[in-house]
Amino acid sequence: MTRTSDETTPDIEVHQLSVWYGQTPALRNVNLNISAGQILAIIGPSGCGKSTFLRVLNRMIERFSDVRVEGTVRVGSFNVLDDHVDVTQLRRAVGMVFQHPNPFPMTIFDNVAYGPRIFGMRSSTQLRKTVEDSLKQAALWDEVRGKLRRGAGTLSGGQQQRLCIARALAVNPRVLLLDEPTASLDPVSAAKIEELIVQLKSQYTMVIVTHNLQQAARVSDLVAFFEQGRLIEMGNTQEMFTAPREKRTEEFLTGRFD
Amino acid sequence: MSKSDLSPKTLKPIAQGRSAHYVMAGIGVAAMLALLSVVLPLAVQGLPRLNMDFLFKPPRELGGGGIGPEILNTLIMVGLSQCISLPLAIIIAIYRVEYDHIRHLARWFDQGLQIVLSLPTMVIGLIVVDVAIVRWHWPISVESGILVLSLINWPFAVFLTVQVLQRIPDEWREASRALGASRWQTITRLILPVAWADIIELTGLTVARLMGETAALIYTAGLNVTSRFAFSAPGETVAVHLWYIRTEGLMPDADQVAAATGLVLLLLVIAVLWVSQKFAEWVKNANL
C-alpha cells in the first residue's frame, strides 16, 4: 500500500496542551516529547486525563461535544490541532486500539480489510496479502488461517483484541495508540498482547495507557505520570520505577496513594 | 454409605416460586384459546371459499365473487408506499442518529416524532382528503391511497430505524473513525451493512400494519375496484373490503366471503412477517 505521509517513524511533540470538557479542565499545560520508535506508557489514577491525552493525538477527542483545546501537538509532519489538518491521513498514520476489543460484526477478513478498503484498495490479491501480513504482524495468523470467513465474534476476547490490532496495522500506521489494551483480558491473553507490543517496538512509535504498573515497566521506554490533568513526571522507565523525582509519583508507584 | 449416595443426582427446580409460573402459564393458555376462538371459526367458515376463483375473480354484489383486484390493490399500494416512505425514513433516521451534533434539534425532532406517531391514521387520511382530493382534485383512487399509506408509514419507519441505529454500539463507529474513515464512509461501509438485517425485519412489521389499515383508506382509496388496474382507479384493499362486506355489503354469502377475506388477510400478514424474518436472517449471515 502506498503511503502518502512520510515513510519514517515519526516523533511526537506536545507543547502546552490544555483540554477542557465544557468548563471542566481535563489536561493542563502538558509538555512532552517522544522520539521516534519509542514506547511511552502513561500511568496515573482514574480520571487523570490519560485517555484524553491519547485521544488528542489522533483527534478522536473532537467526537466529544463541547471540547476545547489549547497548545500545539505535532505528530511527525502533522500539526494535529491545526484547523486544516487532514484528519483522514492523520488517523491513517496514527492507529488506535481500544480498551474493549471492538471488532466489527463482520468476518475476520472484512475486519482487517476495512481500513485498506476505505483507502481505496480494491484488488483482491492485494487485499488478501495486506490482511495476511497484518494478521501475521498481530500474531494472530496461525490461529485464524483458513477461518478468515468466520465472524469475528467467534474469536476469544484476546484474539479479538489482536484482531483489532491487526485491523489498525492494516492501514500501515506509523504511530500506535493503545488505550488500556489488556484491561478487559485474562492474564494469558494480556501476556500475548504485551509480547506483541514488544515485538512491534521500534517499527512504531507507541503510546500506551495502562493501569498495570508492571506492564508499563515491562514494555515501555518512557513513563509519564499524570494526575488531575497535569503531567507530574516523565522519564526513562527504569529511572521512574527505581528513583522517581517527585513524591507523588513515588506514592503512586508504591501504592501509598489517595 | 450406600452406593447410590455417591452417584450424581439430578437437580430439579424447587417448588418454591412455582406459583407465579403456573399463573403465567394459565394466562398464556387463556390468551391462546381466545385467539383460537376467533381464528378457528374463521378458518372453518372461510376455507371452503378459498380457491383460485376467490383469489383472482372480482367481487360480485350478488354473491359468488372473489377478491382478486383487492389483493392486487393491497400489494401494489402497500409495496409502493413502502418504496416511497422507507428510503425517506432511513435518510431521516441516519440524520437523526449519525449527525446529532445539534442537541436542541434532536430533542425537537424526538418530540415531534412522538406527536406524529400518536396521530390516529384517520387524521392523516382526512388531511389527504382535504389536501390531495379536495384541493389538488386527485380522484379517490389507488394513488391517493399510496399517498396516505406513505404518510402513515413514514414516521413509524423513522421511529423503528432510529431504534435500530441507536442500538449499534458507538465503539464500532469509534473504531471506524479512528481508522480514518469519514462519517459518510462509516455510514455506508459499517452502519448500514450492520443495520440492514434489523431494518428488513422491522419493515415486515410496518408492511403488516399497512395491510391492515382501513380507516384512512375508506375515503381516499374508496370502496370500489375496477376489473383492470389503474393508478387513478378506485383502489379498495383487502382490509377495506372486509370492512365493506361487514357494514354495507348486500351479498347473500357475506358471512362466508368475510371469513375467507379475513383468512386471506391473515395469511398475507403471516407470509410477510415470515419472509421478512427469513430475509433478515439471510442478510445477517451474508455479513459473516
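Chain identifiers are assigned alphabetically (A, B, ...) following the order of the sequence lines, protein sequences preceding nucleic acid strands; residue numbering begins at 1 within each chain.
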At under 4.5 Å between heavy atoms, what parts of [range] are in contact with chain A? List them by residue number.
range: residues 268-282 of chain B; answer: none
range: residues 177-190 of chain B; answer: B:R177, B:A178, B:L179, B:G180, B:A181, B:Q185, B:T186, B:R189, B:L190
range: residues 155-169 of chain B; answer: none

Which atoms of A:V97 are under 4.5 Å from chain B, going by heavy atoms: the side chain, the backbone, both sets, or neither?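 When you check distances to chain B, no heavy atom of A:V97 falls under 4.5 Å.
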Within a reach of under 6.0 Å around CZ of B:F109, are more than 12 heavy atoms found that belong to other residues, nucleotides or ligands?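 Yes, enclosed.
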Residue B:R18 excluded, over 12 heavy atoms near CZ under 6.0 Å: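 Result for CZ/B:R18: enclosed.
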Can you tell me how far apart CZ (B:R103) and CG (A:D66) are? Round to the nearest 0.5 Å.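 B:R103 CZ to A:D66 CG: 7.0 Å, rounded to 0.5 Å.
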Taking all non-hydrogen atoms of both residues into account, name the closest pair between B:W172 and A:P103 and its distance.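 Smallest interatomic distance, heavy atoms only, reads NE1-O, 3.1 Å.
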Would you say the side chain of A:F98 lies within less than 4.5 Å of the side chain of B:E171, judging by non-hydrogen atoms?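 SC-SC contact between B:E171 and A:F98 ruled out.
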A:R55, A:M96, A:R63: which one forms the most heavy-atom pairs within less than 4.5 Å of chain B?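 Sorted descending by pairs with chain B, the first entry is A:R63.
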Which one wins on heavy-atom pair count under 4.5 Å against chain B: A:R91, A:R167, A:R59?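 Ranked by heavy-atom pairs under 4.5 Å with chain B, first place is A:R91.
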Listed by chain and number, what are the salt bridge (charged side-chain N to carboxylate O under 4.0 Å, His left out) partners of B:E98, not counting sequence neighbours?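 Listed in chain order: B:R173.
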